[in-house]
Enquirer: 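I am attaching a structure below and will ask some questions about it afterwards.
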Protein chains: 2
Amino acid sequence: MRRGGASPADVVWMEAALRLAMSAAVRGEVPVGALVVRDGKVIAQAHNEMVQRKDPTAHAEFLAIQRALETVGEDRLVDATLYVTLEPCAQCAGAIVLSKVGTVVFGAWDNRAGMAGSVHDLLRHPRLNHRPEVIPGVMEEECGEVLKQFFRARR
Amino acid sequence: MRRGGASPADVVWMEAALRLAMSAAVRGEVPVGALVVRDGKVIAQAHNEMVQRKDPTAHAEFLAIQRALETVGEDRLVDATLYVTLEPCAQCAGAIVLSKVGTVVFGAWDNRAGMAGSVHDLLRHPRLNHRPEVIPGVMEEECGEVLKQFFRARR
């Protein structure tokens, strides 16, 4: 993990990811947002699209990674930072490793499926061939609260 | 795991997946093939497309799952069996869990990145909310040999 934790810029980008999450909720999607930043610029962004696409793999950070790869025209994202409002699941942690994302900053922890430490740690697994820098818990409370409110309203 | 291991039908489907893998090799792709079968019919198939798409997430079984979801028009594949010539990585194991694939049959083990037991077992993880039936090692030698020959030829 980065020494000293999140920078002020990290908070600004996470706020943008949180806005994406909220715009997902408006569409009935579980509110998770993600963006990929390189050289101080957003190169890709996404929110969950599972409902819209009837595709349970259409997670915000997965879509953001695929869009970022397309934008840079390369098969790796070593100089990029992924911001995502929720701890990545196995699929998304796997995609982070495959695309060699340099840094991962996430908001809320996911006790049910999180693979950056909650259930298992795939992002810093000693046997996998890429280990991003990981900064957890940035705007943790706000990112988690949006999810809680969303699920509370649907009960 | 299924009692008694692979059925004769499993071998027939794995042979078809292996043919897909070999057609990937012709295109310079790492030879992995996958298909999804439901009610005795192939509903989706794919081989690796990482080179063609410049996308390191374009794994055979991931593409096959997405195509299968599209074909069935639902968000789960509980009655389906995924055949893949290589043990799934974290991303693909995660996608299998998310899309609730009923059964996973794979060929060769992947000691570097396999997440059905080699590096870790995400397919039968006690804390994840779906655990497919898993049948490993079907045509293991043939599926592994195609990969070995591919990498040997490129050295």
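Here the structure is a predicted model, which is why all the values come from computation and not from measurement. Order of the sequence lines fixes the chain letters, A, B, ..., with proteins taken first and strands second; residue numbering starts at 1 for each chain.
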Enquirer: Which bit of A/L122 is near chain B, if near means a heavy-atom gap under 4.5 Å: side chain, backbone, both or neither?
Expert: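 It is the side chain, since no backbone atom gets that close.
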Enquirer: Decide whether A/L128 and A/V119 are clustered together by the hydrophobic rule: side chain heavy atoms of Ile, Leu, Val, Met, Phe, Trp, Tyr closer than 4.5 Å, transitively.
Expert: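 Yes: a chain of side-chain contacts under 4.5 Å links A/L128 to A/V119.
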Enquirer: Can a donor-acceptor pair be found, under 3.5 Å and without considering hydrogens, that links the side chain of B/D121 to the backbone of B/L123?
Expert: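 Answer holds: yes.
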Enquirer: I'd like to check the ring-ring contact (aromatic ring centres under 6.0 Å, His included) partners of B/H125; sequence neighbours left out, ordered by chain and number.
Expert: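 ring-ring contact (aromatic ring centres under 6.0 Å, His included) list for B/H125, sorted by chain: B/H120.
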Enquirer: Suppose we screen for salt bridge (Lys or Arg N to Asp or Glu O under 4.0 Å). Which residues come up paired with B/D79, at least two apart in sequence or across chains?
Expert: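 Per chain and number, B/D79 pairs via salt bridge (Lys or Arg N to Asp or Glu O under 4.0 Å) with no residue.
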Enquirer: Look only at the side chain of A/R76 and the backbone of A/L98, and say whether a donor-acceptor pair between them is shorter than 3.5 Å.
Expert: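 Answer holds: no.
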Enquirer: Keeping the roles fixed (side chain from A/T85, backbone from A/G33), state whether a donor-acceptor pair exists under 3.5 Å.
Expert: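 Yes: the side chain of A/T85 pairs with the backbone of A/G33.
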Enquirer: Say you draw a straight line from CG of A/L82 to CH2 of A/W13; how long is it, rounded to the nearest 0.5 Å?
Expert: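 The distance works out to 13.0 Å.
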Enquirer: Calculate, to the nearest 0.5 Å, the distance between atoms CG and CE belonging to A/L20 and A/M22 respectively.
Expert: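 That separation rounds to 11.0 Å.
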Enquirer: Anything in residues 45-69 of chain B with a heavy-atom distance to chain A below 4.5 Å? Please list those residues in order.
Expert: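 From residues 45-69 of chain B, the residues near chain A are B/K54, B/D55, B/P56, B/T57, B/H59, B/F62, B/Q66, B/L69.
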Enquirer: Picking from B/N129, B/V97, B/N111, which has the most non-hydrogen pairs under 4.5 angstrom with chain A?
Expert: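 Most heavy-atom pairs within the cutoff with chain A belong to B/N111.
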Enquirer: Would you check, one step at a time, whether the test side-chain contact (heavy atoms from CB on, under 4.5 Å) holds for A/S23 with A/R19?
Expert: CA-CA 6 Å; A/S23 71; A/R19 283 194 295 276; over 6 Å; no
Enquirer: Would you say B/E140's side chain and B/A108's backbone share a donor-acceptor pair under 3.5 angstrom?
Expert: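 Checked: no pair found.
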Enquirer: When only heavy atoms count and the cut-off is under 4.5 Å, which of residues 88-96 of chain B reach chain A?
Expert: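 So far as heavy atoms go, B/C89, B/A90, B/Q91, B/G94, B/A95 are the residues that approach chain A to under 4.5 Å.
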